[in-house]
Amino acid sequence: MPHSVVFLVNNTFNGVSMKSNLTSKKQDVFNKNNIKIATERVDDVSLLIGQMENMGLREILDKHIPAHGNQRKLSWGWTAVIWLAYILTEGDHRKVSVSEYIREMKYTLSFLTGQEIDVLDFNDDRLSHLLKHLRKRETWKKIEGDLNERTIEVYEIEPEVIRCDVTTVSLDQEVTEDSLVQFGHSKDNPKLPQIKLMCGSLDPMGMPLASDVVSGERADDGLYIPVIDRINESLKKPGLLFSGDCKMSSLEIRAHLLASGHHYLCPLPLTGKTVEEMEQWITQGIAKNQENILTPVFRENYKGEQVFTASGYELNRFQQFEKDGNEMQWEERVLVVHSPAHADRQSAGLQTRLGKAKTKIEALTPPRGRGKRQITNETDLLQAITKVLKEYRVESFLHVEYEKQVETTTKFVGKGRGSNDREKRVEEKIRYQIISVERNKEKIDEQKKRFGWKAFAIDLSADKLSLEDAVLSYRNEYRIERIFNRLKSRLNIAPLFVRKDDQIEGLTYLLTLGVRVLTLIEFVIQRSLKQDNTGLAGMHPENRRKLANKPSAERIQKAFSKINLTIIRDMAGNIILRSLTALTSLQEEIMQRLKINPSVYHQLEN
């Protein structure tokens with residue numbers, strides 16, 4: 001949390017290093033009056049506000065969020081920009097903490113924005129009103145649309161690949177029937193209710209283009225088309241390649257993309273007819289591999305070396321889709337790809353499942369003992385074994401042997417002491433004991449040969465996107481995952497410290513704007529360094545000479561730490577002197593590459 005330190009000094013000011021720069025009049029003030037010294041931590045706040053001004057974020061927000069008659073002087077755009085600067089600096093989106101931040105950064109923020117900043121501009125009610133405006137669907141669509149248009153124009157970006165994906169955000173709060181927060185298939189914490197965030201992002205920068213917040217129980221596949229339509233309307237450019245996971249591969253979504261003038265690349269899920277087809281495709285792939293006729297795929301590693309990463313083949317097939325009496329037909333390519341790394345992961349997973357299944361099966365028949373339940377019915381044992389094998393998906397890979405154990409006991413009939421002539425009966429106690437759980441090595445080895453295969457569907461012809469380029473393109477799917485990672489780490493979206501649906505939606509949208517800011521900082525710096533074939537020195541404290549050619553936005557922010565503004569006032573409140581920590585050559589270079597005038601820092605003391 002930025003802090004302000006105030007000292008009261010009587011009679012004489014001991015700052016010798018600053019004394020020579022003071023006029024005699026000011027020296028007289030120091031000598032005769034008490035003074036106040038306050039320190040504000042500027043750090044990366046100037047950088048962030050400068051970047052948001054370059055993006056046009058403030059003016060776009062002011063354009064689409066109207067001011068009402070009784071509103072305070074500070075506009076909604078400035079309110080959002082200052083709040084975002086705090087969130088991005090501190091990683092804290094709580095409304096309750098903003099007022100303290102404003103109080104301790106009032107002078108810096110006033111100079112940076114040219115506005116009169118008051119703590120009342122950032123009270124809980126005003127911030128809540130801002131979030132209510134952001135959650136309005138039509139308002140949010142217009143804000144995103146204008147931001148997309150300006151970003152592409154200002155930063156000279158040529159859209160080609162769009163990535164779509166969904167994430168969940170868990171919240172520890174009560175679930176009501178009509179609330180946004182619901183239980184559903186969770187990617188975070190299945191024990192907590194959640195909301196879902198659908199996002200479409202722009203390659204190669206991984207910047208959010210369109211975001212939708214929906215209730216946590218919604219199915220993922222129904223969220224793609226609305227986002228696709230908004231991106232289509234916003235970018236107004238045909239022929240984009242939309243890439244997503246297997247949930248985007250439904251026939252309806254593929255047909256919708258083609259009807260919109262775009263293309264698709266997505267893996268096929270192992271459901272329906274694809275299950276049987278995949279078995280045939282894998283068999284063909286194994287045969288082609290033995291004949292050494294698979295197409296290899298190479299990628300560049302961090303050392304700049306080309307390394308083998310996958311191989312595959314392709315086939316063509318026709319697809320058709322009918323809706324509302326309209327039928328579409330098209331030809332698509334199916335890329336059947338084998339990844340050694342994926343095969344290794346599947347093989348390791350099988351070994352883990354086999355070990356767990358064996359342990360669980362052996363535990364079905366514990367030795368006799370107090371509290372040890374015994375299985376006395378063969379049918380019950382077989383059902384228990386089958387359940388474990390299905391649970392771990394190892395039905396064909398484990399062979400279980402068991403035996404029936406019968407313990408006989410002879411007892412006299414009736415009560416009293418026994419004798420040779422007394423009638424006797426024989427009692428049997430039956431239990432089943434598992435004696436071995438063995439792995440079927442032959443079947444396991446055969447299955448391992450079929451590991452590592454995946455099928456992708458794409459409508460672009462091979463001359464426009466080869467198998468190798470398609471595989472490498474899909475492997476950049478991590479770019480949209482970085483959006484979700486930033487939301488959950490740097491911006492700490494979970495837990496959300498708001499309860500009402502409009503606040504949850506509005507705050508989530510505000511945080512996606514924060515991701516845009518970080519993404520653009522990172523993209524512009526990395527593109528500039530690549531064009532100049534150089535890197536930034538001083539980004540690695542452990543090795544000051546090491547050049548960083550792909551610094552992350554978070555590392556760039558960290559490079560602006562420990563920049564302080566010292567303000568000296570007399571007891572009447574008049575400013576006598578302002579002194580800012582001198583910018584380093586690294587900080588100056590970063591500002592220049594971002595096309596942010598370093599005066600956003602220098603003006604604080606001039």
Side-chain angles (χ1 to χ4, degrees), residues 140 144 147-148 151-152 155 157-169 185-188 194-214 218-232 234-235 237 240-250 253-254 256-257 262-267 269 299 454 456-458 465 469-494 508-524 526-527 550 552-554:
W140 178 243
E144 281 189 322
L147 280 172
N148 294 341
T151 300
I152 289 170
Y155 295 96
I157 300 168
E158 189 65 29
E160 293 182 357
V161 178
I162 307 296
R163 301 192 185 276
C164 300
D165 203 358
V166 185
T167 192
T168 59
V169 180
H185 180 70
S186 176
K187 300 179 181 179
D188 298 314
Q194 63 188 16
I195 61 172
K196 282 192 173 182
L197 175 63
M198 177 73 207
C199 189
S201 69
L202 175 64
D203 260 16
M205 56 203 307
M207 183 188 75
L209 291 175
S211 305
D212 268 336
V213 178
V214 299
R218 290 273 300 273
D220 291 358
D221 53 2
L223 306 178
Y224 284 86
I225 289 179
V227 164
I228 290 169
D229 287 343
R230 281 167 52 199
I231 293 174
N232 187 35
S234 173
L235 299 186
K237 180 183 178 182
L240 298 172
L241 176 62
F242 281 77
S243 180
D245 58 16
C246 59
K247 295 184 288 293
M248 200 190 84
S249 66
S250 75
I253 297 175
R254 283 183 273 168
H256 185 81
L257 282 167
H262 300 301
H263 308 286
Y264 59 82
L265 169 63
C266 49
R299 66 173 177 83
K454 186 177 287 189
F456 298 84
I458 183 172
L465 194 68
D469 290 338
V471 172
L472 294 177
S473 176
Y474 182 77
R475 291 200 170 193
N476 289 326
E477 194 72 10
Y478 70 89
R479 289 170 177 167
I480 191 170
E481 292 294 340
R482 290 197 68 198
I483 294 175
F484 303 143
N485 178 264
R486 278 193 164 125
L487 281 170
K488 296 177 182 181
S489 57
R490 181 63 184 174
L491 300 178
N492 293 311
I493 190 172
T508 303
Y509 289 141
L510 180 72
L511 295 180
T512 64
L513 293 179
V515 174
R516 278 182 183 254
V517 177
L518 295 179
T519 301
L520 276 170
I521 289 175
E522 185 173 283
F523 171 75
V524 172
Q526 291 185 6
R527 183 175 66 175
K550 289 185 178 180
S552 66
E554 290 77 7

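Quick caveat: nothing in here was measured; it's all calculated off a predicted structure. Basis for what follows: all heavy atoms, side chains included, without hydrogens, waters or symmetry-related copies. FYI, the numbering just counts along the sequence from 1.
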Are side-chain heavy atoms of [X] and [Y] found at a separation under 4.5 Å?
X    : Y    : answer
V471 : R475 : yes
I162 : L235 : yes
Y155 : V524 : yes
N476 : Y478 : yes
R479 : S201 : no
I195 : V214 : no
Y264 : S243 : no
F242 : V161 : no

Checking [X] side chain against [Y] main chain: does a donor-acceptor pair fall under 3.5 Å?
X    : Y    : result
S473 : D469 : no
S249 : C246 : yes
R230 : S211 : yes
Y224 : M198 : no
H262 : L240 : yes
E554 : R486 : no
T151 : N148 : no

Charged N to carboxylate O below 4.0 Å: is that the case for [X] and [Y]?
X    : Y    : value
R163 : E477 : yes
D212 : K196 : no
K247 : D220 : yes
K550 : E522 : no

To the nearest 0.5 Å, how far apart are [atom1] in [X] and [atom2] in [Y]?
X    : Y    : atom1 : atom2 : answer
I493 : L510 : CD1   : CG    : 10.0 Å
L209 : L147 : CG    : CG    : 10.5 Å
R516 : L511 : CZ    : CG    : 13.5 Å
D245 : D165 : CG    : CG    : 5.0 Å
I253 : I228 : CD1   : CD1   : 6.0 Å
D203 : L241 : CG    : CG    : 9.0 Å

What are the two closest non-hydrogen atoms of [X] and [Y], and how far apart are they?
X    : Y    : value
G222 : P226 : O-CD, 3.8 Å
I231 : G200 : CD1-CA, 3.9 Å
Y474 : F456 : CD2-CE2, 3.5 Å
S234 : E144 : OG-O, 4.5 Å
L265 : M248 : O-CE, 4.3 Å
L520 : M205 : CD2-CE, 3.3 Å

For the pair W140 and T512, evaluate side-chain contact (heavy atoms from CB on, under 4.5 Å) and give the outcome as yes or no after the intermediate values. CA-CA 11 Å; W140 178 243; T512 64; 3.6 Å; yes
For L197 and V166, what are the C-alpha separation, side-chain angles and deciding distance, and is it a side-chain contact (heavy atoms from CB on, under 4.5 Å)? CA-CA 6 Å; L197 175 63; V166 185; over 6 Å; no
